[in-house]
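Report on one structure; see the data block that follows.
Values in this document were obtained by computation on a predicted structure and should not be read as measured data. Basis for what follows: all heavy atoms, side chains included, without hydrogens, waters or symmetry-related copies.
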Amino acid sequence: MTDYFGPVSELVIKENFVIVYELLEEMLDYGNPYITDPSVLKDLIPPPSILSTVINAVSLGTNFGTKLPSGAMSSIPWRSTGIKYTNNEIFVDLVEEVDAIIDRSGKLVTAEVRGEVQCNSRLSGMPELILSFLNHRVLEDCMVSFHPCVRYHRFEKERILSFVPPDGQFKLMDYNVSLTSAQTLPVYIKPTLFMRKGTGKLDISFQPRATGSKIVESAVVSVTLPSNVSSVKLNANLGQCSFDQMSKQLRWTLGKVSPEASVTGIPLLTGQLYFENSEEPQPNVQPVHTITVDFKINMHTCSGLRVDSLQLHHEPYKPYKGVRSVTKSGRYQIRV
């Protein structure tokens, strides 16, 4: 439904309940999945517009069932016949999110890469594409799912993706790869939190590790401090830091961090904490504080998966091909 309405909420469903009902009618056949391809559904049921909203409001009917999907005339249900473009082009994006939990001693508790291969196809006719990877062994012991257009038997035999692409944007494949070593994580965070009677001290260092010599962008470190912290005194040698008194949230915005930070100077945040009361923390109670990290690394994949080649067959033209990759933080947490 995000292809139709964007972010889905209760209000959005209420305002577009007619289209939601029509989508469920087409997607399910006696309770079983039937039509799930977004391009075919958009042919059957046009996305909401101002005109359709007015028509539904005055109960004049809908566009439901007024035309057959153009893909119905094709032997391939996810692609229509007669598609023509002046400029033929195909874009492939490898998007990975890293989920990780690291304990206070720096050991890896759990880590996983959730990846997607997203495509945007503007190709004429009925082309066949073959996408191959440099290090396909990454996909051997992980969970993988494909778009219906992918010929699975060729992937099993040759570890390549052979497919006739749908028109427009679509997700070709997604995969989950487990990480077993903290050395493979893209950033290394070393926190130190010391609390004593009335005051405390916090030190956090941020160091790029396995980034393929790429710059870490949009780096942000967030820490939720104890509820009895009344004020903080912060100092960072890179970026800006702030403290929200209401939520007790400390936020360190680094921005871009060079992969040569270990040579030019490791980004470091130091802070002095002041508590509302001077009661000394109980020695047997060690509350666990969590540090969350956000970042983005362009043209890099944490799993090591990379595109080797993208070939087009059965059409005479030579399209423009674009391949990008990006690694982003998912739930990236360090326990202090």
With sequence neighbours excluded, give me every side chain to side chain donor-acceptor pair (under 3.5 Å) pair touching residues 209-218.
Glu217-Asn298
Can you find a pair of side-chain heavy atoms, one from Val221 and one from Leu269, that are under 4.5 Å apart?
no
Restricting to pairs with a member in residues 236-250, which pass side chain to side chain donor-acceptor pair (under 3.5 Å), not counting sequence neighbours?
Thr224-Gln249, Asp244-Ser247
Could you report the tightest heavy-atom contact between Asp99 and Gly330, atom names first, then the distance?
OD1-CA, 3.3 Å
For side-chain contact (heavy atoms from CB on, under 4.5 Å), just list the numbers for Leu193 and Leu273, CA-CA rounded to whole Å, side-chain angles, deciding distance to a tenth of an Å, and then say yes or no.
CA-CA 10 Å; Leu193 178 61; Leu273 312 180; 3.8 Å; yes
Could you give the distance from CG (Leu179) to OG1 (Thr184), rounded to the nearest 0.5 Å?
4.0 Å
Does any part of the side chain of Val150, heavy atoms only, come nearer than 4.5 Å to the side chain of Met173, both counted from C-beta?
no
Restricting to non-hydrogen atoms, name the atom on Ile19 and the atom on Pro46 that form the minimum distance, rounded to 0.1 Å.
CD1-O, 4.4 Å
Among residues two or more places apart or on two chains, list those pairs meeting ring-ring contact (aromatic ring centres under 6.0 Å, His included) that have a residue in residues 292-332.
Phe91-Tyr320, Phe295-Tyr332
Please check if Val117 and Tyr152 belong to a single hydrophobic cluster, counting links between Ile, Leu, Val, Met, Phe, Trp and Tyr side chain heavy atoms closer than 4.5 Å.
yes
Evaluate Asp308 against Ser132 for side-chain contact (heavy atoms from CB on, under 4.5 Å), listing each step before the verdict.
CA-CA 5 Å; Asp308 182 22; Ser132 60; 3.8 Å; yes
Any residue meeting side chain to side chain contact (heavy atoms under 4.5 Å, CB included) with Ala219, in chain and number order, not counting sequence neighbours:
Phe206, Val216, Leu254, Val257
Cluster link Val138 to Val113, ILVMFWY, side chain under 4.5 Å:
yes
According to the ring-ring contact (aromatic ring centres under 6.0 Å, His included) rule, which pairs have a member within residues 223-269, sequence neighbours left out?
none
Over-ring placement of Arg159 relative to Phe155, 6.0 Å and 45° cut-offs
yes
Are Arg79 and Leu123 close enough that some pair of their side-chain heavy atoms sits under 4.5 Å apart?
yes
On a heavy-atom basis, which atom in Ser258 and which in Pro208 lie closest, and how many Å separate them?
O-CG, 3.5 Å
Taking C-beta and beyond as the side chain, do Arg122 and Asn87 meet within less than 4.5 Å on heavy atoms?
no
The side chain to side chain contact (heavy atoms under 4.5 Å, CB included) partners of Val12 (sequence neighbours excluded) come to Phe5, Ser9, Asn16
Considering residues, nucleotides and ligands other than Glu260, do more than 12 of their heavy atoms fall under 6.0 Å from its CD?
no
Smallest separation among heavy atoms of Glu315 and Met126, with atom names:
OE2-N, 2.9 Å
Does a sphere of radius 6.0 Å around CE in Met299 hold more than 12 heavy atoms from other residues, nucleotides or ligands, not counting ones at 6.0 Å or beyond?
yes
State whether the side chain of Ser124 and the backbone N or O of Tyr85 hold a donor-acceptor pair below 3.5 Å, judged by distance alone.
yes
Per the ring-ring contact (aromatic ring centres under 6.0 Å, His included) rule, what does the pair list look like for residues 156-178, sequence neighbours excluded?
His147-Phe170
Going only through I, L, V, M, F, W and Y residues with side-chain contacts under 4.5 Å, is there a path from Leu139 to Ile160?
no
Please round to the nearest 0.5 Å and tell me the distance separating atom CG of Asn120 and atom CG of Asp167.
9.0 Å
Set of salt bridge (charged side-chain N to carboxylate O under 4.0 Å, His left out) partners for Asp174, sequence neighbours left out
Lys171
Sorted by chain and number, sequence neighbours left out, ring pair (Phe, Tyr, Trp, His ring centres under 6.0 Å) with Tyr188 holds for none
With the side chain counted from C-beta on, respond yes when Cys149 and Leu172 share a heavy-atom pair under 4.5 Å apart, and no when they do not.
yes
Shared hydrophobic cluster for Val220 and Leu238 (ILVMFWY, side-chain gaps under 4.5 Å)
no
Could you pull out all residues at least two apart from Arg324 that satisfy salt bridge (charged side-chain N to carboxylate O under 4.0 Å, His left out)?
Asp93
Does any N or O in the side chain of Thr327 come within less than 3.5 Å of the main-chain N or O of Cys302, such that one atom is a donor and the other an acceptor?
yes
Those residues at least two apart in sequence (or on a different chain) that pass side chain to side chain contact (heavy atoms under 4.5 Å, CB included) with Arg137 are Glu140
In one Ile/Leu/Val/Met/Phe/Trp/Tyr side-chain cluster, 4.5 Å: Leu312, Leu131:
yes
Does Asn135 form a side-chain contact (heavy atoms from CB on, under 4.5 Å) with Leu305? I'd like the steps, not just the answer.
CA-CA 6 Å; Asn135 45 352; Leu305 188 68; 4.2 Å; yes
Is the closest side-chain heavy-atom distance between Ile102 and Leu185 below 4.5 Å?
yes
How about Leu202 and Leu250: do any of their side-chain heavy atoms sit closer than 4.5 Å?
yes
Any chance you could measure Arg104, atom CZ, to Arg335, atom CZ, to the nearest 0.5 Å?
9.5 Å
Take Phe194 and Asp203 through the test side-chain contact (heavy atoms from CB on, under 4.5 Å) and record every step on the way to the result.
CA-CA 9 Å; Phe194 174 73; Asp203 294 332; over 6 Å; no
For a quick test of reading the model, state the closest non-hydrogen atom pair linking Cys241 to Leu234 and the distance between them.
SG-CB, 3.6 Å
Are side-chain heavy atoms of Ile101 and Glu112 found at a separation under 4.5 Å?
no
Taking atom CD of Gln169 as the centre, report whether more than 12 heavy atoms of other residues, nucleotides or ligands fall under 6.0 Å from it.
no
Of all heavy-atom pairs between Leu23 and Ile45, which one has the smallest distance, and what is that distance?
N-CD1, 3.6 Å
Going by the rule ring pair (Phe, Tyr, Trp, His ring centres under 6.0 Å), which residues pair with Tyr274 if we only count those two or more places apart in sequence or in a different chain?
none
Interatomic spacing from NZ in Lys190 to CD1 in Ile291 - rounded to 0.5 Å:
13.0 Å
Separation between CD (Glu158) and CZ (Arg151), nearest 0.5 Å, reads 11.5 Å
Rounded to the nearest 0.5 angstrom, the NE2-OG distance for His153 and Ser162 is 7.0 Å
